[in-house]
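First comes the structure, then the notes that go with it.
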Amino acid sequence: MNDFSFYSPTRIMFGRKMADHVGEHVAAAGYTSALLVYGTGSVVRTGTLERVKASLDAAGVAHVELGGVRPNPEISSVREGLRIAREANVDLILPVGGGSAIDCAKAIALGIPYDGDVWDFFRKRATPAQRVDVACVLTLPASGSEASNSCVISNDAEHLKCGCNTDLNRPVMAFMDPELTFTLPPYQTAAGITDMCAHIMERFFSGQPAVPVTDNIACGLIRAIMDAAPRVMEDPQDYDARANIMWAGTLAHNGIAGLGLGCAGGRDGDWSCHGMEHELSAFDVKITHGAGLAVLFPAWMRYVWREHPERFLEFGRQVFGIEPVDPEADGADITPEQAIEDAVMETIDELQEFFCSLGMPRTLAEFGMKADDIDTLMPGLKITRGEVFGNFKKLTLDDARAIYESAL
């Protein structure tokens with residue numbers, strides 16, 4: 001087990017009607033003025049935003065608003081939020097929504113005390129040193145941003161989607177009500193489930209030796225997600241299934257599923273698939289992050305598994321109950337090497353079939369992408385990931401191109 005430092009300061013308020021109690025908790029913590037950050041309509045249509053505002057009003061917490069944050073939040077929204085927050089002198093950024101609203105809020109929080117352009121943090125030209133606190137009302141379990149140290153922002157002018165990881169990004173509070181997810185469209189639900197599975201797998205497939213405690217946490221989370229997922233797709237108002245998925249999404253990305261699997265440079269996993277998917281979302285903002293991961297993760301797995309086959313065998317054993325055929329068993333006509341390959345391929349196929357059973361795409365072609373479009377992805381990948389990246393297997397840009405091509 002590698003050395004690690006685990007920091008998870010977010011206070012979780014989990015349960016029914018939590019949106020109606022935001023104001024009292026925020027006020028009790030000493031906050032007096034908040035910037036509400038939200039997306040393009042769902043929190044308005046469902047009345048969630050009004051419930052949060054009413055709770056703030058009842059508690060005497062002033063508030064201003066930044067609405068219309070899109071999926072794959074763009075830096076212009078962050079800059080507009082900075083202007084509003086500074087003018088109102090807020091002491092809390094309060095996103096209401098999913099990962100896009102929360103990531104936009106995190107970027108605003110980092111930018112308020114900074115004299116330069118907040119985009120500097122995402123292009124690694126500056127390191128955040130301070131922030132305004134963030135509390136969030138989660139309505140879409142997927143990104144795990146409600147308790148994570150990560151934040152991802154797009155810049156359309158530069159055709160980039162970049163992340164900034166710092167413990168300053170971790171919210172001080174997260175209000176989580178599974179009932180708020182009852183009205184999510186099936187596609188968004190499925191993409192969120194895929195994203196949280198990917199967060200766990202990025203850590204499991206770190207290239208590091210097994211850590212039994214952490215491996216059991218990781219695989220147990222995925223089994224719990226796979227158990228709840230079909231129930232949610234069949235009955236969107238199954239509270240227990242929604243609750244398990246919402247809680248799993250938080251645990252998938254607050255760091256607990258990667259403890260002891262840390263790699264050089266402090267990363268707690270591989271993150272090649274996330275980096276490659278970010279280029280898809282930068283190429284076409286209509287590509288949902290989880291849907292892109294549903295295509296790229298199996299393609300990456302088929303490309304790299306030989307580097308550490310034992311990790312795939314452990315994943316297949318714990319998640320799907322897959323064991324390699326015993327080459328020495330009576331009637332077996334197979335080499336040990338072929339037995340391992342067959343078990344690994346079955347594991348990857350089972351994972352992809354699970355994603356597809358939720359309505360996720362199997363190929364990049366389902367996004368309308370063609371072979372020529374891969375050329376458009378490579379410059380951004382070079383900027384954000386470099387000439388060589390990944391921890392499970394070191395990938396070159398040529399390797400990345402081959403993975404993209406195999407996913408078409």
TODO: Give a yes-or-no answer on whether the side chains of Ser357 and Glu353 include a donor-acceptor pair shorter than 3.5 Å.
DONE: no
TODO: Return yes if a side-chain donor-acceptor contact under 3.5 Å exists between Ser143 and His253, otherwise no.
DONE: no
Open item on the list: Ignoring hydrogens, what is the shortest heavy-atom contact between Ile334 and Gln338? Give both atom names and the distance.
Closed with: CG1-CB, 3.6 Å
Task: Any side-chain donor near an acceptor of the partner, Glu202 and Ser272, under 3.5 Å - done: no
Open item on the list: Could you work out, with side-chain contact (heavy atoms from CB on, under 4.5 Å) as the rule, every residue matching Ala224, not counting sequence neighbours?
Closed with: none
Task: Rounded distance (nearest 0.5 Å) linking atom CD1 of Ile348 with atom CE of Met301 - done: 6.0 Å
- [ ] Give a yes or no answer on whether the side chain of Asn72 reaches the backbone of Val285 with a donor-acceptor pair at less than 3.5 Å.
- [x] yes
Task: Worked check of ring-ring contact (aromatic ring centres under 6.0 Å, His included) between Phe14 and Phe175 - done: CA-CA 6 Å; Phe14 193 104; Phe175 300 89; over 10 Å; no
- [ ] Taking the side chain as every heavy atom from C-beta outward, state whether Val304 and Leu395 have any pair of such atoms under 4.5 Å apart.
- [x] yes
Open item on the list: I'd like to know if the side chain of Asn391 pairs up with that of Asp270 as donor and acceptor (distance under 3.5 Å, no hydrogens or angles considered).
Closed with: no
Task: Exam field: side chain Asp120 to backbone Ala126, donor-acceptor pair closer than 3.5 Å - done: no
- [ ] To the nearest 0.5 Å, tell me how far Met176 CE sits from Cys136 SG.
- [x] 8.5 Å
TODO: Would you indicate whether Asp375, at its atom CG, is surrounded by more than 12 heavy atoms from other residues, nucleotides or ligands within a distance under 6.0 Å?
DONE: yes
Open item on the list: Around atom NZ of Lys124, are there more than 12 heavy atoms from other residues, nucleotides or ligands closer than 6.0 Å?
Closed with: yes
Open item on the list: Classify the ring geometry of His289 against His199: parallel below 30°, tilted from 30° to 60°, perpendicular beyond 60°.
Closed with: tilted
Task: Verdict with supporting geometry, Val344 and Ile322, side-chain contact (heavy atoms from CB on, under 4.5 Å) - done: CA-CA 9 Å; Val344 170; Ile322 294 171; over 6 Å; no
Task: Salt-bridge present (Lys161, Glu279; N to O < 4.0 Å) - done: no
TODO: With sequence neighbours excluded, give me every ring-ring contact (aromatic ring centres under 6.0 Å, His included) pair touching residues 109-150.
DONE: Tyr114-Phe121, Trp119-Phe122
- [ ] Considering non-hydrogen atoms only, spot the tightest contact between Ile217 and Ala257 and give its length.
- [x] CG2-CA, 4.5 Å
Open item on the list: Under the criterion side-chain contact (heavy atoms from CB on, under 4.5 Å), I'd like the reasoning laid out for Leu296 against Leu280: C-alpha separation, chi angles, the key distance, then a yes or no.
Closed with: CA-CA 10 Å; Leu296 284 181; Leu280 299 182; 3.7 Å; yes
Open item on the list: Does the structure place the NZ or CZ of Arg170 under 6.0 Å from the centre of the six-membered ring of Tyr7, at an angle of no more than 45° from the ring's axis?
Closed with: no
Open item on the list: Is it the case that the side chains of Gln352 and Arg302 hold a donor-acceptor pair, with the cut-off being a distance below 3.5 Å and no angle test?
Closed with: yes
Open item on the list: With a sphere of 6.0 Å drawn around CD of Glu234, does it hold more than 12 non-hydrogen atoms of other residues, nucleotides or ligands?
Closed with: no
Task: Side chain Glu366, main chain Thr363, donor-acceptor under 3.5 Å - done: yes
Open item on the list: How about CZ on Arg223, more than 12 heavy atoms from neighbouring residues, nucleotides or ligands closer than 6.0 Å, or not?
Closed with: yes
- [ ] Side-chain contact test, heavy atoms from C-beta onward, threshold under 4.5 Å: evaluate it for Val134 versus Leu92 and give yes or no.
- [x] no
TODO: Mark yes when over 12 heavy atoms from residues, nucleotides or ligands other than Lys286 sit less than 6.0 Å from its NZ; otherwise mark no.
DONE: no
Task: For the student: nearest non-hydrogen atoms of Leu94 and Ala34, plus distance - done: CB-CB, 4.3 Å
Open item on the list: Within this structure, what is the SG-CZ distance for the pair Cys356 and Arg362, rounded to the nearest 0.5 Å?
Closed with: 3.5 Å
Open item on the list: Test your reading of the model: is there a side-chain donor-acceptor pair from Thr166 to the backbone of Asn169, 3.5 Å cut-off?
Closed with: no
Task: Minimum-distance pair of heavy atoms, taken over all atoms of Gly23 and Val61 - done: O-CG2, 4.3 Å
Task: Separation between CZ of Phe297 and SG of Cys197, rounded to the nearest 0.5 Å - done: 9.5 Å
- [ ] Could you verify whether a donor N or O on one side chain and an acceptor N or O on the other, from His274 and Arg385, lie under 3.5 Å apart?
- [x] no
Open item on the list: Before we go on, tell me: are the rings of Tyr303 and Trp300 under 6.0 Å apart, centre to centre?
Closed with: no
Open item on the list: Hydrogens and angles aside, do Asp373 and Thr376 bring a side-chain donor and acceptor to less than 3.5 Å of each other?
Closed with: no
TODO: Assess whether salt bridge (Lys or Arg N to Asp or Glu O under 4.0 Å) is satisfied between Arg123 and Asp117, documenting all intermediate values.
DONE: CA-CA 11 Å; Arg123 285 301 309 276; Asp117 182 12; over 6 Å; no
TODO: Ignoring hydrogens and angles, state whether a donor on the side chain of Asp103 or Ser145 is under 3.5 Å from an acceptor on the partner side chain.
DONE: yes
Task: Distance-minimising heavy-atom pair for Ala85 and Ile112 - done: CB-CD1, 3.7 Å
Open item on the list: If I take atom CZ from residue Arg311 and atom OG1 from residue Thr347, how far apart are they, to the nearest 0.5 angstrom?
Closed with: 13.0 Å
TODO: Indicate whether any N or O donor in one side chain lies under 3.5 Å from an N or O acceptor in the other, for Arg242 and Thr189.
DONE: yes
Task: Mutual orientation of the aromatic rings belonging to Phe182 and Tyr239 [parallel < 30°, tilted 30-60°, perpendicular > 60°] - done: perpendicular
Open item on the list: Tell me if a side-chain donor or acceptor on Thr214 pairs with a main-chain N or O of Leu259 at a distance below 3.5 Å.
Closed with: yes
Open item on the list: Whether the Gln188 and Thr288 side chains hold a donor-acceptor pair (N or O, under 3.5 Å, no angle test) is what I'd like checked.
Closed with: no
Open item on the list: Just by distance, no angles: are the side chains of Glu74 and Ser76 close enough, under 3.5 Å, to form a donor-acceptor pair?
Closed with: yes
- [ ] Output, in order, the C-alpha distance, side-chain angles, deciding distance and verdict of side-chain contact (heavy atoms from CB on, under 4.5 Å) for Ile256 and Phe6.
- [x] CA-CA 8 Å; Ile256 197 169; Phe6 180 56; 4.1 Å; yes
TODO: With the side chain counted from C-beta on, respond yes when Trp271 and Phe389 share a heavy-atom pair under 4.5 Å apart, and no when they do not.
DONE: no
Task: Mutual orientation of the aromatic rings belonging to Phe392 and Phe312 [parallel < 30°, tilted 30-60°, perpendicular > 60°] - done: perpendicular
TODO: For the pair Glu65 and Lys53, find out whether any cationic side-chain nitrogen is under 4.0 Å from an anionic carboxylate oxygen.
DONE: yes
Task: Euclidean distance, Ile383 CD1 relative to Cys162 SG, rounded to 0.5 Å - done: 8.0 Å
Task: Nearest heavy-atom neighbours spanning Gly98 and Leu138 - done: CA-CD1, 4.4 Å
TODO: Please check if any side-chain donor atom of Asp215 sits under 3.5 Å from a side-chain acceptor atom of Gln318, or the reverse.
DONE: no
